[in-house]
Amino acid sequence: QVQLVESGGGLVQAGDSLRLSCTFSGVQFSRYNVGWFRQAPGKEREFVSAISRSSTTYYADSAKGRFTISRDNAKKMVYLQMVSLKPEDTGVYYCGAVQTIITGFIRPTSMNDYDHWGQGTQVTVSE
């Protein structure tokens with residue numbers, strides 16, 4: 001059974017950095033594509049970043065140049081390094097995972113393409 005646990009969120013000021021972690025429990029982590037989504041109060045969950053099983057990375061326009069996603073298959077972890085945080089980055093950050101038999105990631109931005117989700121970690125960026 002696959003479980004995902006996010007950690008690393010917190011309250012920071014604009015311009016600060018945070019590193020979020022997604023811990024995977026289960027087998028064959030190397031066969032999973034993993035993505036980060038966030039949900040701000042009153043808004044829909046939106047794509048932030050994703051990494052395929054072959055470590056191809058994808059970013060929302062809002063994350064490009066500021067966020068970096070990476071994975072450590074030996075530790076079964078995915079990280080989201082966030083720098084130059086802005087108040088609009090505030091929200092609950094969720095990681096999702098989907099097992100795949102191909103090395104690519106057809107629709108990394110689609111929530112419907114992920115089978116497993118964590119409970120989320122809160123990120124709050126103040127002015």
Side-chain angles (χ1 to χ4, degrees):
Q1 184 176 357
V2 172
Q3 289 187 326
L4 302 172
V5 178
E6 303 92 338
S7 61
L11 172 62
V12 297
Q13 293 184 328
D16 285 350
S17 301
L18 277 176
R19 189 178 80 158
L20 305 184
S21 299
C22 176
T23 303
F24 176 98
S25 297
V27 298
Q28 298 183 328
F29 172 67
S30 62
R31 296 187 180 184
Y32 282 78
N33 295 332
V34 179
W36 283 97
F37 289 72
R38 68 187 180 193
Q39 187 164 18
K43 295 186 177 181
E44 294 186 353
R45 195 174 299 189
E46 64 176 3
F47 170 75
V48 176
S49 182
I51 187 165
S52 74
R53 57 178 284 181
S54 61
S55 294
T56 300
T57 58
Y58 307 84
Y59 296 96
D61 287 342
S62 59
K64 288 178 182 177
R66 299 188 300 126
F67 294 3
T68 303
I69 191 170
S70 61
R71 66 188 295 158
D72 185 332
N73 287 346
K75 295 182 178 179
K76 297 184 180 180
M77 301 279 289
V78 171
Y79 305 100
L80 185 67
Q81 178 68 50
M82 307 185 294
V83 301
S84 302
L85 283 163
K86 305 175 182 179
E88 50 263 43
D89 295 319
T90 294
V92 179
Y93 282 68
Y94 300 90
C95 68
V98 57
Q99 188 175 22
T100 179
I101 61 173
I102 62 174
T103 57
F105 201 163
I106 297 175
R107 297 190 302 177
T109 64
S110 172
M111 284 180 53
N112 293 333
D113 282 14
Y114 293 80
D115 294 332
H116 308 281
W117 292 94
Q119 294 300 306
T121 185
Q122 176 71 45
V123 172
T124 303
V125 185
S126 63
E127 296 279 0

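Residues: numbered from 1 along the sequence shown. Quick note: numbers below take in every heavy atom, side chains included, and nothing from hydrogens, waters or symmetry partners. No experiment lies behind these values; they were computed from the predicted model shown.
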Completion exercise
For Phe105 and Ser52, the nearest pair of non-hydrogen atoms, with its separation, is CB-CB, 4.1 Å
Handout entry: OG1-CD distance between Thr90 and Glu88, expressed to the nearest 0.5 angstrom
Key = 8.0 Å
Practice task
Could you tell me whether the side chains of Gln28 and Gln99 share a donor-acceptor contact shorter than 3.5 Å?
Solution key: yes
Exercise for the section: Give a yes or no on whether the backbone of Thr100 and the side-chain of Arg53 come within a donor-acceptor separation of less than 3.5 Å. Expected result: yes
Problem - Single-linkage hydrophobic cluster Ile101~Ile106, side-chain heavy atoms < 4.5 angstrom - result: yes
Handout entry: Rounded distance [0.5 Å steps], OG in Ser126 versus CD in Gln13
Key = 5.0 Å
Handout entry: Presence of salt bridge, Lys64 and Asp61, under 4.0 angstrom
Key = yes
Exercise for the section: Using modelled atom types only, decide if a donor and an acceptor are shared between the side chain of Thr121 and the backbone of Gly9 within a distance under 3.5 Å. Expected result: yes
Problem - Within 6.0 angstrom of Glu46 CD, more than 12 heavy atoms from elsewhere - result: yes
Practice task
Give me the other members of the hydrophobic cluster that Leu18 sits in, counting Ile, Leu, Val, Met, Phe, Trp and Tyr linked by side-chain heavy atoms under 4.5 Å, directly or via other members.
Solution key: Val2, Leu4, Val12, Leu20, Phe24, Phe29, Tyr32, Val34, Trp36, Val48, Ile51, Tyr59, Phe67, Ile69, Val78, Leu80, Met82, Leu85, Tyr93, Val123, Val125
Exercise for the section: Verify the neighbour count for atom CZ of Arg107: are there more than 12 heavy atoms of other residues, nucleotides or ligands below 6.0 Å? Expected result: no
Problem - Exceeds 12 heavy-atom contacts within 6.0 angstrom, atom CZ of Arg66 - result: yes
Exercise for the section: Please indicate whether Glu44 has more than 12 foreign heavy atoms, meaning atoms of other residues, nucleotides or ligands, lying under 6.0 Å from its CD. Expected result: no
Exercise for the section: Using side chain to side chain donor-acceptor pair (under 3.5 Å) as the criterion, list what pairs up with Asn73, not counting sequence neighbours. Expected result: Arg71
Exercise for the section: Decide whether a cation-pi geometry holds between Arg38 and Tyr94; the criteria are a distance under 6.0 Å from NZ or CZ to the six-membered ring centre and an angle within 45° of the ring axis. Expected result: no
Problem - Centroid separation Phe37 to Tyr114 less than 6.0 Å - result: yes
